[in-house]
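Because the structure is predicted, anything quoted here is derived from the model rather than measured. Below, read A as the first sequence line, B as the second, and so on, with proteins coming before strands; counting in each chain starts at 1.
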Amino acid sequence: MKINGYSLANITWAAAAALTLLASAAQAADKVKIGMLSTLSGPGAGLGVDIRDGFNLALKHAGGKLGGLPAEVIVADDQGKPDAAKQTADRLLKQDKVDFMTGVVFSNVMLAVGKPVFDSKTFYISANAGPSQYAGAQCNPYFFNVAWQNDNLHEAVGKTVQDKGFKKVALLAPNYPAGKDALAGFKRYFKGEIASEAYTPLNQLDYGAELSKMRASGADAVYIFLPGGLGINFIKQFVGAGLSKDMTLFGPGFSADEDVIRAVGEPMLGMFNSSQWAHDMQNPVNKRFVADFQKDYGRLPTLYASQGYDAARLMDAAVRDVKGNLTDKAALRKAILAARFESVRGAFKFNSNGYPIQDYYLRVITRDAQGRVTNRTLGTVFKNHADAYAGECKMPAL
Amino acid sequence: MISTEKKSKSVLPPRPGLLDHPLPRWPSALLLLALLALPTLLGALGQEFYVGVASRILIFALAASSLNLILGFGGMISFGHAAFLGIGAYTVGILMQYGVDSAWLAWPLALLVGALFALLMGAICLRTHGVYFIMITLALAQMLYYLMVSLKTYGGDDGLSLPGRSSLGLGLDLASDGTFYYTVLALAVAVFVGLQRLLNAPFGHALQAVRENEPRMAALGFAVVRIKLIALTLSGSLAALAGALLANQAGFVSPSMMQWSESGMLMIMVILGGVGQLYGGFVGAVAFMLLEEVLSTVTIYWQLGLGAVLLAVVLLAPNGLLSLGAKRDAP
Amino acid sequence: MTGLLVLEQSLNGLQFGLMLFLLAAGLTLVFGIMDMINLAHGSLYMLGAYLVASITLASGSFWLGLGGGVLATAGLGALLELTVLRRLYARDHLSQVLGTFALLLMSNEAVRMIWGAQPIELSPPAALAGPVQLLPGLSYPAYRMFIIAVGLAVALLLYLLVTRTRLGMQVRAGAANREMALAMGVNVQRLFTAVFALGAALCAVAGGLLGPLLAVQAGMGERILILAFVVIVIGGIGSIRGALLGALLVGVVDTAGRALIPLAAQYLVGAEAASSAAPALSSILIYLLMAGVLFFRPQGLFPVHD
């Protein structure tokens, strides 16, 4: 198992290219190559690092193999930028000739990377990005998502806020496809008044102007979708402005998981959020995952880590089902769709468009038995919930 | 019959002056041969992927050479050159969105749009000098960047994915890396030879003279602003051509191609190669991008190495890589 | 839009402008006196933020972190000047661009190597973590008030330094006419080092103060560097007064843009188009402002050079 992008492996390969040129054609099924293209620098870095670490832990649990074949993971940084990501994806597909790709965090990057991946007939197992385009009108047989469709977690909070009886909500999300999907999903289930709705640039870090407007709008609840580092800044500034006294803060699990908690701490107590997974879920797979993640990495896993873990488990199951024959794409697709593996969230099944059908839970940030500030699961919001776009998908042939 | 016809002095070609840039025959021929043979060589080593990388490097060499025309030879330090790259790229991208993918239509159109924008830029900026010129060109490029970010119909911040490459007809398929490489090479060579001819012609001399001493040229009766404007227009349209090729190579167009950091990168390439030197843009682009490529396979901290090399070059060479070893010119 | 909201947004603009001033002051001095384009200025800001964050984390005290970080960055700046930048003074601007760009790349990577690629944590001190009641109905984050206070204090200190001290006199002389200052016996070497160290210290103050609000991460300097250049061009290269006025202008215009333009756009073209057009317009506003100022005053607001 090699985890180093552009490492010695590439140089040695180039030097020995002349000798191995003849032999190269025969090595197809000796191992599984995975291209892990994720955001490892910049504000979104925490998310990509978690996906990578979760994935690697699953590999470790499987003894460095996927479906019985030795696995080689080539890690690369997309820097959160669609154009840099596309270049790197091209390299992974054409130069390294990976068998699977995974890892992209942000939907705008995913939409740029999708085409070269699908054109090269490589399967993409998304451990995070779940754009509505790939769930509906642009669905593709090579795309699978083990996490959720972007709208789902927001739909769950929308329903929660509606059920809790809040009347006026202020909304905030970044100005990119997932941000648009987020607020659309929230509004699908929240039927009250939207006091204000703002989209900020993905790299904006100072929310002073937006906070002032929120205060002026008179909302009694605030719903934000600000993944990773963006959420950290917002929540610090939100509490610093004293708005947490007058307004209840809601967010999807992305804006309220361990990475944000670690940077913000106590001021986050009382924030509600939704998720398809929580670290206090009691099934044996999850308990092992959480315990080993803490042991190996010294921190509690986030939902991103759980998704990376499941992506590897899915690949493991699929490769085992096709008995290591990665060239029969139709059989491989069937195996992936069957999803015969135990997820950290219990049972797992795919919808016909390659997105999951699963339960969603409500969590709140509180102190646990050990006094740590962390999430606690309160209840179920949706059972066997599918995404809203599956009906639009006419899956093309392989 | 005995005919001893001596060649009179006036028939001999004039010796190259300070403003001339003769093409070094043998090195240039060798370089051309090497570039022609590159895809075959890479194929033999099983590294076909790098043909695409080579195309990308050539495209940036073209862009850097176009910048060198105004920066090195014209003395106009434009911090907004990447805007032209973006213009050319978006011309191709937007036309493709509307179903037009013919290279014969898109690429000349890119040249035209680039020229028009350069004319506009010149009309606004050429009134200023020095650091103010730099900042105004920067401002214009940034404005264009933010404009493209806000246009959602053309992708906005996320950019446009191109369905394929421009179609050239003539039985040539640009989707093949090899064909694309030779097309880019042909265009780059044509532009380069054209620039070389231009620099040795009266216009080129006048441009360089304006760089040296603008007030004197104005006093001598040269239409200084017009000369600079022509140079800027030519430079902009060539950069737009590079942008059109870049859109094809990357299969992707996004506003970030036009950011000031990209303009800075182009400037660095020219400065690295040698400002005002014939091969300055080419050498700078090749050196910069090869360094990036090679260093990133060695370590993930490659920017440290790149920075160190750039720093060494600036401290040791008086004017870029092409001046290494040369005596320092008197100011 | 109530009067209180206007007041709140004005304070935001003031805060942002004052922080820009800290950066622009150092940049304009270096450009004005040493005639050097320093692209690594943003890197000093970043280093300052990282050092403040690290010392705060290690010592548990924000104040110690701020003080220590500023001193450390000033020292680093002086060291940088003595070793590398000194050789670039005599070179042309383009060589300076290349050299300082190289330093920018190296410092970004060095920061990534030492502290990792993810943003690191820096929080405001507990005493300033909440809001203060300024007027009935207007409460404003205490920390932002603190930034405004520090910004104003530094501006005053710089003013006193430049107008009332010997060093300041030499700085002004050097900015106005370097050859004459040299001829008059100013110890140029020491002056340059002092100016550069001062600029680095100012960067660190800005970085350390903005750290708790914005993320502390590699590459944080580039974004703000371009704004600093716009500020000094508006203000006039070499003039601290110009840097202050330019920074306040840019800060207020930028915040006003972000606050008002979305409203205006929504009113004019509807919510959907406004959500994409408004941020773009707000960003372009700064450049339009610069173009406008240069049109009427091509040398900036307070030109210093003869």
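Residue contact with chain B, scored on non-hydrogen atoms closer than 4.5 Å, involves the backbone and the side chain of C:M113 alike. Of the atoms belonging to B:M148, not a single heavy atom falls under 4.5 Å from chain C. Proximity to chain C (any heavy atom under 4.5 Å) is restricted, for B:M265, to the side chain, taken from C-beta onward. Looking at C:L225, the atoms closer than 4.5 Å to chain B (heavy atoms on both sides) all sit in the side chain, from C-beta outward. Neither the backbone nor the side chain of C:L104 comes within contact range of chain B, judged by heavy atoms closer than 4.5 Å. For B:L71, the part lying near chain C is the side chain, with the backbone staying farther off; criterion is any non-hydrogen pair under 4.5 Å. B:I77 touches chain C through its side chain: at least one heavy atom from C-beta onward sits under 4.5 Å away, while N, CA, C and O do not. With a threshold of 4.5 angstrom between heavy atoms, C:L94 approaches chain B through its backbone and through its side chain. Of the two parts of C:L288, the backbone and the side chain both hold a non-hydrogen atom closer than 4.5 Å to a non-hydrogen atom of chain B. Neither the backbone nor the side chain of C:Q96 comes within less than 4.5 Å of any heavy atom in chain B.
Remark: B:M257 CE to B:F252 CZ distance equals 9.0 Å, nearest 0.5 Å. C:E222 contributes atom CD, which lies 11.0 Å from atom CD of B:Q259 (distance to the nearest 0.5 angstrom).
The 12-atom threshold is not exceeded at CZ of B:R226, counting heavy atoms of other residues, nucleotides or ligands nearer than 6.0 Å.
Remark: the backbone N or O of C:L80 is paired with a side-chain donor or acceptor of C:T83 at under 3.5 angstrom. Between the side chain of B:S323 and the backbone N or O of B:G320 there is at least one donor-acceptor pair closer than 3.5 Å.
Using bins of under 30°, 30° to 60° and over 60° for the plane-to-plane angle, the ring pair C:F31/C:F229 lands in the perpendicular bin.
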Step by step, would you call B:L207 with B:L69 a side-chain contact (heavy atoms from CB on, under 4.5 Å)?
-> CA-CA 9 Å; B:L207 180 65; B:L69 177 65; 4.1 Å; yes
